[in-house]
Participant: 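Below is the structure I would like to discuss, written out as C-alpha cells.
Throughout, a chain's letter reflects where its sequence line sits, starting with A, and its residues are numbered from 1.
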2 protein chains.
Amino acid sequence: MKNKANFGATVTEASRERPTLKTIAFMTGLGITTVSRALKDAPDIGAETKERVRMVASQLGYQPNRAGVRLRTGKTNVIALVLSIDEEIMGFSSQLVFGISEVLTGTPYHIVVTPHSHSKDPMLPVRYILETGSADGVIISRIEPDDPRVRLLSERNMPFATHGRTDAGLMHPFHDFDNEAFAHQAVEKLVVRGRKRIALLQPPSKLTYYTHTRIGFQTGLHDYGAEEVPLRVTIDTPLDEIRNAVETMMRSSNAPDGIVCLAGSAAIAVNAGIEAAGKRLGHDVDMASKESAPILNWIRPEIITAYEDVRHAGREMAKAVIARIDGVEPEMLQSVSQPVWKA
Amino acid sequence: MKNKANFGATVTEASRERPTLKTIAFMTGLGITTVSRALKDAPDIGAETKERVRMVASQLGYQPNRAGVRLRTGKTNVIALVLSIDEEIMGFSSQLVFGISEVLTGTPYHIVVTPHSHSKDPMLPVRYILETGSADGVIISRIEPDDPRVRLLSERNMPFATHGRTDAGLMHPFHDFDNEAFAHQAVEKLVVRGRKRIALLQPPSKLTYYTHTRIGFQTGLHDYGAEEVPLRVTIDTPLDEIRNAVETMMRSSNAPDGIVCLAGSAAIAVNAGIEAAGKRLGHDVDMASKESAPILNWIRPEIITAYEDVRHAGREMAKAVIARIDGVEPEMLQSVSQPVWKA
DNA sequence: CATTTTCACTGTAACGTTACAGATTTTAAG
DNA sequence: CTTAAAATCTGTAACGTTACAGTGAAAATG
C-alpha cells in the first residue's frame with residue numbers, strides 16, 4: 001500500500017497519464033507483481049483476480065510500456081526489414097512492407113525499415129541489428145547462394161526469414177518465388193506461339209535465383225526444342241542500357257523471336273527496345289515476363305505475364321520470423337510460391 | 001568501486017557482452033554518472049576526462065541502450081511513418097521511405113512504418129502513437145483541408161510533418177508538390193500543341209490537393225483559352241474503371257483532345273483507354289501527366305511528363321520533423337517543390 | 001491435531017539510463 | 001590564513017517491467 005500516498009495526491013491528474021501496472025495495482029488493491037502475472041495469465045493467480053485485473057486494465061486502456069519490457073527482458077517486439085534501396089523501381093518493397101504489416105497488425109510487433117545501398121557493405125545493417133540487439137527478428141532479400149548475412153544471423157541465433165533461397169546447406173526460413181518454374185513455363189509459352197530463338201533477361205549472377213532461372217530456362221529450351229540468344233544485360237542494369245542492348249539485339253541478324261524477362265520494370269525497357277528496333281510484339285517477337293504489379297498488360301496486352309505476389313511473400317516471411325521467434329523449427333518455415341499466368 | 005567485484009569475475013566474458021555505461025565506468029575508474037555526462041559533453045566534466053571516456057567508449061563500440069534511454073527520458077528516437085496501404089501502386093511509398101531513411105541515417109532515429117487501410121479509421125494509427133508515446137515524430141500523407149490528424153497531433157504537441165498541405169489556418173511543417181503549378185503548366189503544354197478541349201483525371205475531392213489541382217487547371221483553361229471535358233473518375237479509382245471511363249469518353253462525340261493526369265499509374269490506364277477507343281496519343285489526343293517514377297516515357301514517348309521527386313519529399317519531411325523535435329518553429333519547415341518537365 | 005501441500009499473492013532487485021542533490025578537491029578572494 | 005567560489009566528480013532514485021524467492025493462509029494428509 002505504499003503507493004497510496006502517491007496516488008491520493010494526484011488521482012485526477014493521474015487519470016490523464018498513461019496507465020502502468022502501478023495504476024492497475026492501485027485500483028485493484030493488488031501488488032504490481034500480481035497484476036503483471038495476472039495479465040500474463042500465470043497459473044498461480046486466482047481466476048477471479050485475473051478477471052478483475054483484465055477488466056480494469058482494458059477499462060484504463062492499459063498497454064505495456066515497450067521500453068520497460070525491452071529493458072527488463074531484452075524483447076524488442078521489433079521486426080527489422082532490411083531493404084536494398086537500389087533494387088526498387090516498381091514498388092516492390094512497398095508491397096513487402098504492406099504484406100508484413102498485415103501480419104504484424106494484431107501482434108505486439110512493429111516493423112522497422114533499415115535500408116541500405118547495395119553498393120555499400122550489405123553486412124552493415126545486419127551487424128548493427130545484432131550488435132545493438134535492436135530487433136527480435138530480421139527479414140532480408142536479394143539472397144546469394146552462400147549469403148554471409150544468412151551465415152551471420154544463423155551463427156548468432158537471430159531469428160530471420162529470407163526472400164529467396166540459399167544454396168550452401170544453410171537451413172533457414174525463407175519464402176521464394178519459383179523462378180525455375182517461371183522460366184521453364186515462360187519458354188513453353190513462347191514455344192507454343194512458335195518461338196524458337198529465345199533471349200533471357202536474367203537476374204545478376206551473384207543472386208541465388210539467377211541459377212534457378214538459368215536451370216528453368218535451359219531445361220525449357222531443351223524440353224521444347226528452342227535455343228538461346230545471348231543477352232548481356234541483367235534486370236539490375238539501368239533501364240536505358242537495357243533498352244539499348246535490346247534494340248541492338250533486335251536489329252542484329254541474330255535477333256531472337258522470343259524474350260523471357262524476370263522483372264516488370266525491365267520488361268518496360270525491353271519493350272521500348274523492341275519498338276525502337278522497329279519490331280512488333282506479338283508479330284516479330286513475343287515476350288513473357290514476371291511482374292509484381294499488374295501493369296504490363298495495360299501497356300502492351302501482348303506481353304505474356306506471370307504475377308509474383310510480393311505482398312503474399314511479405315505475409316509469409318512475417319509469419320515465418322514470428323514462428324521462428326516462437327521456436328518453430330526452420331524446416332517448417334519454408335515456402336515457395338508458383339507463378340500465376342494471366343489468362 | 002562496488003562494480004569491481006562484478007567485473008573481476010567476468011572480465012573475459014564481459015568483453016563479449018554489449019558494453020554499457022557501467023563497462024566504461026569500470027574501465028576508466030570513473031562513476032557511471034560521470035561517464036554519462038562526459039559522453040554528453042556536459043560542462044562540469046574535465047576536458048581530459050571527456051577525452052578519455054570518449055576514447056574508451058569508441059574503443060568498445062559503445063552504443064547507448066535505446067530501452068534505457070527511452071524508459072528514463074521518454075525519448076524514443078523513432079519517427080513513425082503512417083502510410084495508406086491503398087494509395088500505392090507504383091512504389092510511391094518506397095521512395096518516401098528511402099528518402100526519409102537517407103536523412104535518418106547518421107541520426108539516432110529509426111523509422112517505424114505504420115500502415116493502415118484508408119477504408120478504416122485513419123485516426124487509429126495516429127491515436128495509437130499518441131497514446132503509447134511510441135514515436136518522437138510522425139509523418140503523414142493524404143492530407144485533407146481540415147485534417148483531423150493534423151488537429152490532433154498539433155493539440156497534443158506531437159512533432160510531425162505532412163506530405164501535402166491543410167487549409168484551415170493550421171500551422172504545421174509540410175512538404176508539398178505544387179499541383180496547382182503542375183495543372184496550370186500541363187494545360188499550357190497541351191494548348192501549345194493545339195489542344196483546346198481538355199479532361200482532367202484529378203485526385204479525390206476530399207484531399208487538399210484536389211483544390212490546388214482544380215485551381216491550376218481552371219486558371220490554365222482560362223489563361224490559355226481552353227475548355228474542360230468532364231471526367232468522373234479520380235486517380236483513386238481502380239485502373240480498369242479508369243480505362244473504361246476514358247474509353248467511353250474518347251468514343252463519345254464529346255471526346256477531349258487533351259488529358260491532364262495527376263498520377264503515373266492512372267496515366268497507364270488512361271493510355272489504355274485511349275488506345276482501346278482506337279485513338280492515338282500525339283495524333284488524336286495528347287496527355288500530360290505527373291509521375292513519381294520515370295516510366296511513362298518508356299511506355300509512350302508521346303506522353304508529356306512532369307516528375308515528382310518523392311524521395312526528395314521524404315528527405316524534406318524527415319528534416320522537418322527532426323527540426324520540429326528540436327524546437328524549430330513550424331513556419332520555417334514548409335516547402336513546396338516545383339514540377340520538372342521532361343525535355 | 002500436527003504436518004505437509006497447495007493456493008494466492010507480494011516485495012525486492014535488476015535491466016541501462018539520466019536528473020538531482022550532494023561531496024571533495026582546488027583555486028581565488030578577502 | 002580563513003572563507004568563498006569554482007571545478008570535478010559521484011551516489012541515489014526513478015522510469016516500467018519481470019524473475020525470483022519468498023509469505024501467509026487454507027486445504028489435504030497422516
Participant: Round to a whole Å and report the spacing from CG of A:Leu71 to C1' of D:dA14.
Facilitator: 12 Å
Participant: Go through the side-chain N and O atoms of A:Ser84 and A:His116 and say whether any donor and acceptor fall under 3.5 Å apart.
Facilitator: no
Participant: Using only side-chain N and O atoms of B:Lys22, determine if any of them is under 4.0 Å from OP1 or OP2 of C:dG16.
Facilitator: no
Participant: To the nearest 0.5 Å, what is the distance between CD (A:Gln59) and CD1 (A:Ile24)?
Facilitator: 11.0 Å
Participant: How many Å lie between CG on B:Asp41 and P on C:dT18, as a whole number?
Facilitator: 14 Å
Participant: Between atom CG in B:Leu39 and atom P in D:dC9, what is the gap in whole Å?
Facilitator: 13 Å
Participant: So which nucleotide from D:dT18, C:dT17, C:dC15 ends up closest to the side chain of B:Tyr62?
Facilitator: C:dT17
Participant: List the residues meeting side chain to side chain donor-acceptor pair (under 3.5 Å) with B:Arg52, not counting sequence neighbours, and say none if there are none.
Facilitator: none
Participant: Is the shortest side-chain N/O distance from B:Thr73 to OP1 or OP2 of C:dT18 below 4.0 Å?
Facilitator: no
Participant: Working to the nearest 0.5 angstrom, can you tell me the gap between B:Asn65 CG and A:Thr132 OG1?
Facilitator: 9.5 Å
Participant: Check the distance between C:dT17's C1' and B:Arg66's CZ and give it to me in whole angstrom.
Facilitator: 14 Å
Participant: Under 3.5 Å, which protein N or O atoms sit close to an N or O of nucleotides 6-10 of chain C? Give each pair with its distance.
Facilitator:
unit_1, atom_1, unit_2, atom_2, d
C:dC9, OP1, A:Thr49, OG1, 2.6
C:dC9, OP2, A:Gly46, N, 2.8
C:dC9, OP2, A:Thr49, OG1, 2.9
C:dC9, N4, A:Asp44, OD2, 3.1
C:dT10, OP2, A:Gly31, N, 2.8
C:dT10, OP2, A:Thr34, OG1, 2.4

Participant: Does one side chain, of A:His172 or A:Ser154, offer a donor that lies under 3.5 Å from an acceptor on the other?
Facilitator: no
Participant: Under a 4.0 Å N-O cut-off, is there an ion pair linking A:Glu329 with A:Arg324?
Facilitator: no
Participant: Keeping the roles fixed (side chain from A:Arg70, backbone from A:Asn77), state whether a donor-acceptor pair exists under 3.5 Å.
Facilitator: no
Participant: Is the shortest distance from a Lys or Arg side-chain nitrogen in B:Asp147 or B:Arg142 to a carboxylate oxygen in the other one below 4.0 Å?
Facilitator: no
Participant: Output the rounded distance in Å from CZ (B:Phe26) to P (D:dT10).
Facilitator: 15 Å
Participant: Output the rounded distance in Å from CG (A:Leu21) to P (D:dC15).
Facilitator: 13 Å
Participant: Quick one: are A:Arg149 and A:Met123 in side-chain contact, heavy atoms under 4.5 Å?
Facilitator: yes
Participant: Could you give the NZ-to-P distance, from B:Lys40 to D:dC9, as a whole number of Å?
Facilitator: 17 Å
Participant: Quick one: which protein N/O atoms are closer than 3.5 Å to N/O atoms of nucleotides 25-28 of chain C? Pair and distance per line, please.
Facilitator:
none

Participant: What is the distance from CZ of A:Arg72 to P of D:dG16, rounded to the nearest Å?
Facilitator: 16 Å
